[in-house]
2 protein chains.
Amino acid sequence: MISQTEENYLKALYNLTYLKGEASVNEISKRLEIKMPTVNSMMKKLSEKGLVHYESYKPLKLTEEGKKEAALIIRKHRLTEMYLVEKMGFAWDEVHQIAEQIEHIHSPEFFTKMDQLLGYPTVDPHGSPIPDHNGVMRSESYIFLDTCKTGDVVTLMAVQPSSKELLQYLSAKDLELGTTLTILSIEPFDNSITVSYGDRTSAVLSSKVTATLLVRPIS
Amino acid sequence: MISQTEENYLKALYNLTYLKGEASVNEISKRLEIKMPTVNSMMKKLSEKGLVHYESYKPLKLTEEGKKEAALIIRKHRLTEMYLVEKMGFAWDEVHQIAEQIEHIHSPEFFTKMDQLLGYPTVDPHGSPIPDHNGVMRSESYIFLDTCKTGDVVTLMAVQPSSKELLQYLSAKDLELGTTLTILSIEPFDNSITVSYGDRTSAVLSSKVTATLLVRPIS
DNA sequence: CTAATAAGTTAGATTATACTAACAAAATAT
DNA sequence: ATATTTTGTTAGTATAATCTAACTTATTAG
Ligand SMILES: [Mn+2]
Ligand SMILES: [Mn+2]
Ligand SMILES: [Mn+2]
Ligand SMILES: [Mn+2]
């Protein structure tokens, strides 16, 4: 049995780990706003349960089993967000807090039904992939916008990490998933990028923003 | 702040209290399958919080505030059951366990949206009334089937208490909410009742069953 | 290469929720 | 009216999840 609390730790570790493969007690502590000694004991407990590789002073990793459990929670989270947007009419910046709670519901039938009603989607409303029912995440080859060059033409695929503030900022700028961006120039001083898209012939995006936008280059 | 655990106690007390106005530590203990000393301390705690009237060796009652809080949780439970049946295609005997969890979600918007999508229903799929957003339960004048007389014609409105087993039994007998029953005879020995409804010209219902069926007499 | 800072760990306390054992009060049966 | 049974309460224990204070190890800056 994995408690709701433990599930939140597994998910945090999974997300922190997603790009780098490992994470620290300190990072989890900051993300969950829980003090380091608490995180430390929890990591030991999850290690006892075979979900985390824990060794003193070493970076943390999920075991295969831990990875699967985490991915299945993330699957529930993203299916829920998708359902709230597609079937209930919520805006994409309103669904995260609700999904944060519903992801802990124990009912395979409930999520199977959602999946079915949604037509078995593979990405959530923020463009992040939805793991399958075995916890396997279709790994995409998206890149961050701040790694692109002048002249590149790309499609906005996902936002990571996606805070409520960021999503509202993007909405205000008419930046939606699927939007095609052309990179006009890159300012060397602060790495801000000037792009054009839709009606906008010239918009400046700070490096803080471009570091969170995952895009797919258009061949 | 009311915890999920506390919410379940409040709801149990509300439901036990619904007809009689009061309930005992022992009844809550049985219903929640939690030992009496635990229930006892929880009642004291809820009393501290102003939600329960507690006096040693006296029956338990909810305060007005406690009644409202409980009704609002029951509102979330019943809206959820309604949503699962009407919008997601679950059968009425599959939704209770899911609603038991979703009733604890903290998100006014989520339940407001459900309510709206359902067209502001006033009864759940079992026919029980849904309290309004102020926790006021439209009190119905349904009566139990075992209080009816031979010759009465009634409509099945609700099932209380409704166990999974009972709902399956009713499904198998084609007894649905809204079904009109004619009482043909009452067996004095065991109080079983013979009724006709739909295609069935003669069906026998035991007193165990008739004691749970709430009906509205037809004029 | 030390000295200072940051990160990780251990120890001990706290709160919420549960339990068992033992006792007290109330209800029921004889 | 007393004995028995049921219900309610108290006391003490356990586990999960959190914290602060103090200490240790690792990293970073001079
Ligand atoms: Mn989310
Ligand atoms: Mn969560
Ligand atoms: Mn129910
Ligand atoms: Mn519940």
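To find a chain, count down the sequence lines: A is the first, B the second, and so on, and within it residues start at 1. Computed from a prediction, not measured in an experiment: that's the story for all the values here.
- Residue Arg31(B) contributes atom CZ, which lies 16 Å from atom P of dT7(D) at whole-angstrom precision.
- Using a 4.0 Å cut-off between charged side-chain N and carboxylate O, Lys11(A) and Glu103(A) make a salt bridge.
- A search for side chain to side chain contact (heavy atoms under 4.5 Å, CB included) contacts involving Asp146(B) returns Phe144(B), Thr210(B), Ala211(B), not counting sequence neighbours.
- Summarising the geometry, the separation between CG on Leu60(B) and C1' on dT7(D) is reported as 12 Å, rounded to the nearest angstrom.
- Taking atom CD of residue Glu22(B) and atom P of nucleotide dT7(D), one finds them 15 Å apart after rounding to whole Å.
- Checking side-chain atoms of Thr80(B) against main-chain N and O of Lys76(B) turns up a donor-acceptor pair under 3.5 Å.
- Per the geometry, CD1 belonging to Ile28(A) stands 16 Å off C1' belonging to dT18(D), to the nearest Å.
- The interatomic distance linking Asn26(B) (CG) with dT7(D) (C1') rounds to 6 Å, in whole Å.
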Reading nucleotides 14-24 of chain C from the 5' end, what letters show protein touch, with B for base, S for backbone sugar-phosphate only, - for no heavy atom under 4.0 Å?
--SSBBBB---
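- If you take NZ of Lys44(B) and C1' of dG8(D), they are 10 Å apart, rounded to a whole angstrom.
- Within the structure, the ring pair (Phe, Tyr, Trp, His ring centres under 6.0 Å) test picks out no pair touching residues 20-52 of chain B (sequence neighbours left out).
- With hydrogens and angles left out, the side-chain atoms of His104(A) and Gln4(A) include no donor and acceptor closer than 3.5 Å.
- Atom pair Met1(A):CE and dT15(D):P shows a separation of 19 Å (rounding to whole Å applied).
- Using a 4.0 Å heavy-atom distance criterion, Ser56(A) is classed as a sugar-phosphate-only contact.
- Between the side chain of Thr147(B) and the backbone N or O of Ile143(B), no donor-acceptor pair lies under 3.5 Å.
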